[in-house]
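Just so you know, ligand 1 is whichever comes first in the structure, and atom 1 is the first atom listed for that ligand.
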Amino acid sequence: MTMKKLRTFLKNHMLLVGLVAVVVPLLSILGLQYWSLLKLEKTSIVAGTVGMKNYLGDVSKEIKIFYKTSADQVLNVPAYSIQGENLHKAKYHFSKCTVEGAKRLFIASFGPDGESQMLFFDPNGMKKMAEVPEGEAHAAQRAVAPMRIMVKDGTTVKSQMAYYEDRDPENRVIFKPILDEWSKVVGTTGMILDTDYFKGQLLPRIVRETLPKFFPDGQDENVIVSLFDAKENLVYTSQKAGGQDDKIATGMPYFYDYSLVVRSRHMTPEQWAHWNFNFSLTLSLLMTGVLIGGIILALRTASREMRLSQMKQDFVSNVSHELRTPLSSIRVFGEFMKLGRVREPEKITEYGEHIETESRRLTQLINNILDFSKIESGRKTYHFERVCVEELIAETLKCCEVRLRQSDFRIVFEGPTEALSPAVLDRDAVAQALMNLLDNSVKYSEHAESKEVIVRLGERDGRIRISVTDHGVGIAREEQKKIFEKFYRVSTGLVHDVKGSGLGLALVKHIVEAHRGAVTVESEPGRGSTFTILLPAAENLGDRTETQKPTPPLRGDAPPDLAFKH
Ligand code: ADP
């Protein structure tokens, strides 16, 4: 029982259930994505900053390697080349080396008591120099002083590592001890660094080479590298353009009082991460929106198809019932008459009338089905002619009069105050439309207190208005549009037990639209309905031909059971 209820609920609320089934997981995914994007935003800020720091570390490493390699190439002088008279031979050693980044090379040899002899060389040509600027000489002296003490003390040194002396920022010195075979210091070689070369050539070259490697795919455009001296003066920058306020700085190897600064040109890591967050979130929201839209569309189509197929099934059973009822009435009345059970002339007339109305109903139903079939296959044609509408309505009402009377209904006809303009109509089609409206007004007012159907005829704004008002069950607002769809029947509320095919109003709509008119409904549940057919008067139709082309089929597919041939 519960299962059955659940199944019916699922079937009736397919769109809602489908939406919940899709939207809930989608929103959960979206929530998860939001959460992971938040985390990603934080990590990308850190990653961006770390990336820049790493870059500075890499530049420092490159500078260190450069000077270390130079020192290793130039400053490793064998002890024998500086002992005694040999000192001058050291220049042959220097002349074999090429050195960049140094403005002076020097070599010092120490006697046993620490007395020293010092020679200077110009690295661009490796010439021995008789005189050097005072600052350079002092810097070299300062560098060798500790070595001289080691000589005096007879200290042995394990490795020939390089040392650094930067008390004079203009003359920074890298120097190395020269060791004899007993690892005793016998002299010193050194290079005085060329600061101009460092800031004008070495650093720019390293920055040029490392930036694209570290920040590929054009990201290097967003990175500005600058060098500031001890007094915070800008001495080098990779890009002249401004840049953001954020910056990451590091000191330089050998040039410790200088600072190398890296900053973003367009966006800081925070801004970039935030932009990325917003972009990804918008994209996800858009995609979710599109997905939900698509799913709603698919579900709507599926539920429409299901409804249509259900309506077709109902149609077949409804029509069978509709056909059977008048047929059995006709048979019963016919049998009574044949068997001579009725003799009184009034009864005979009454039975005859019953037979007539039931066969009219039958004809109307069959006409509806045949017309529907023609419309569906695009074969429905209309035969237009100039018609006096008052006459047409009077004839139609007359036809229905008996049926209405039999059901205890009364037609109240409210005609026009003035004569109507003639109209160009298909007589049968308009009569059929009106009959369908009258038939409905009786069907859906059976239990109403007032068994009165009001038919009004008039003309306003060049349009002929035929309206049918009843005091029956009425139609809910949300159903009022749907009732003109083929097969559609209001399946809830008071009309549940009234049989019908669901074709009547669809045909009315098709007929009036073929006449370039319209059909409207005003209704209130429990109080009744008014259906109004609006048709253009003849002067508003222009040069309309006698017979119209086949009209387009109604929306949707015809049920296979209805492919009538006639
Ligand atoms: P049916 O054969 O079911 O009457 P129709 O196309 O004529 O098919 O009508 C469609 C639905 O519109 C009906 O099932 C009924 O629910 C509603 N309807 C039509 N006319 C009336 C009316 N006069 N009063 C109340 N409901 C109506």
Side-chain angles (χ1 to χ4, degrees), residues 307-308 310-326 360-373 375-376 400 403-404 407 409-412 429-456 466-513 519-533 554-556 558-559 562:
R307 212 181 60 198
L308 198 68
Q310 183 60 46
M311 285 195 294
K312 282 176 190 172
Q313 280 177 22
D314 295 347
F315 169 81
V316 175
S317 78
N318 288 341
V319 165
S320 328
H321 183 274
E322 286 279 278
L323 287 172
R324 213 177 305 129
T325 318
R360 262 190 213 285
R361 266 183 69 187
L362 215 52
T363 315
Q364 191 180 341
L365 178 66
I366 290 169
N367 279 348
N368 275 353
I369 295 171
L370 291 179
D371 277 352
F372 171 74
S373 158
I375 289 169
E376 286 294 277
C400 300
R403 157 141 163 72
L404 267 84
S407 316
F409 273 84
R410 194 166 71 87
I411 293 184
V412 178
V430 174
Q432 191 187 359
L434 180 58
M435 277 199 287
N436 279 344
L437 292 186
L438 287 169
D439 194 40
N440 280 350
S441 66
V442 172
K443 270 200 307 192
Y444 299 106
S445 312
E446 235 161 313
H447 307 295
E449 279 173 22
S450 164
K451 303 221 163 189
E452 188 180 73
V453 175
I454 308 165
V455 178
R456 292 189 183 89
I466 310 162
S467 68
V468 179
T469 303
D470 63 54
H471 306 285
V473 291
I475 306 152
R477 181 161 287 277
E478 62 276 13
E479 301 279 6
Q480 289 180 9
K481 261 209 172 126
K482 299 186 200 160
I483 53 173
F484 293 98
E485 286 173 22
K486 62 184 178 184
F487 306 126
Y488 191 84
R489 306 201 68 232
V490 179
S491 55
T492 51
L494 302 164
V495 294
H496 211 41
D497 53 339
V498 181
K499 285 284 168 194
S501 62
L503 292 182
L505 289 181
L507 278 168
V508 173
K509 187 166 185 278
H510 191 272
I511 291 169
V512 296
E513 283 178 357
V519 55
T520 61
V521 59
E522 286 163 60
S523 182
E524 210 179 307
R527 309 202 73 177
S529 323
T530 299
F531 284 85
T532 308
I533 291 176
L554 297 166
R555 265 192 324 130
L562 285 180

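Ligand 1 places these atoms under 4.0 Å from at least one heavy atom of Phe531: 20 (N), 21 (C), 22 (C), 23 (N). Near Ser501, the atoms of ligand 1 lying under 4.0 angstrom from a non-hydrogen atom of the residue are 1 (P), 2 (O). Close contacts between ligand 1 and Val490 involve ligand atoms 14 (O), 16 (O) [criterion: under 4.0 Å to a heavy atom]. Near Gly504, meaning under 4.0 Å from one of its heavy atoms, ligand 1 places the atoms 5 (P), 6 (O), 7 (O). For ligand 1, the atoms closer than 4.0 angstrom to any heavy atom of Lys443 are 1 (P), 2 (O), 4 (O). Below 4.0 Å from some heavy atom of Val473 lie the following atoms of ligand 1, by number and element: 25 (C). Using a 4.0 Å cut-off to heavy atoms of Tyr488, the atoms of ligand 1 that qualify are 10 (C), 11 (C).
Residues passing the salt bridge (Lys or Arg N to Asp or Glu O under 4.0 Å) test with Lys509, sequence neighbours excluded: Glu513. Residues meeting the side-chain hydrogen bond (donor to acceptor under 3.5 Å, both in side chains) test with Asp439, sequence neighbours left out: Arg403.
Scanning all heavy atoms of the two residues, the minimum distance from Ser467 to Thr532 falls at CB-OG1, 3.5 Å.
With atom 20 (N) of ligand 1 as the reference point, the heavy atom nearest to it among Asn318, Asn440, Thr469 is part of Asn440. Ranked by closest heavy atom to atom 11 (C) of ligand 1, the top entry among Ile483, Leu438, Asn436 is Ile483.
Looking at Asp470 against ligand 1, only its side chain comes within 4.0 Å, counting heavy atoms. At a heavy-atom cutoff of 4.0 Å, ligand 1 is contacted by both the backbone and the side chain of Leu505.
A donor-acceptor pair is defined here as one N or O able to donate and one able to accept, closer than 3.5 Å; such a pair exists between the side chain of Ser523 and the backbone of Gly528. Proximity of a side-chain donor or acceptor of Asp470 to a complementary backbone N or O of Val453 within less than 3.5 Å is not detected. Between the side chain of Ser317 and the backbone N or O of Asp314, at least one donor-acceptor pair lies under 3.5 Å.
For Gly502, a nitrogen or oxygen atom sits less than 3.5 Å from a nitrogen or oxygen atom of ligand 1, counting backbone and side chain alike.
Below 30°, between 30° and 60°, or above 60°: for Phe372 and Phe487 the angle between ring planes is above 60°, a perpendicular geometry.
A heavy-atom distance below 4.5 Å is not found between the side chains of Tyr488 and Leu505.
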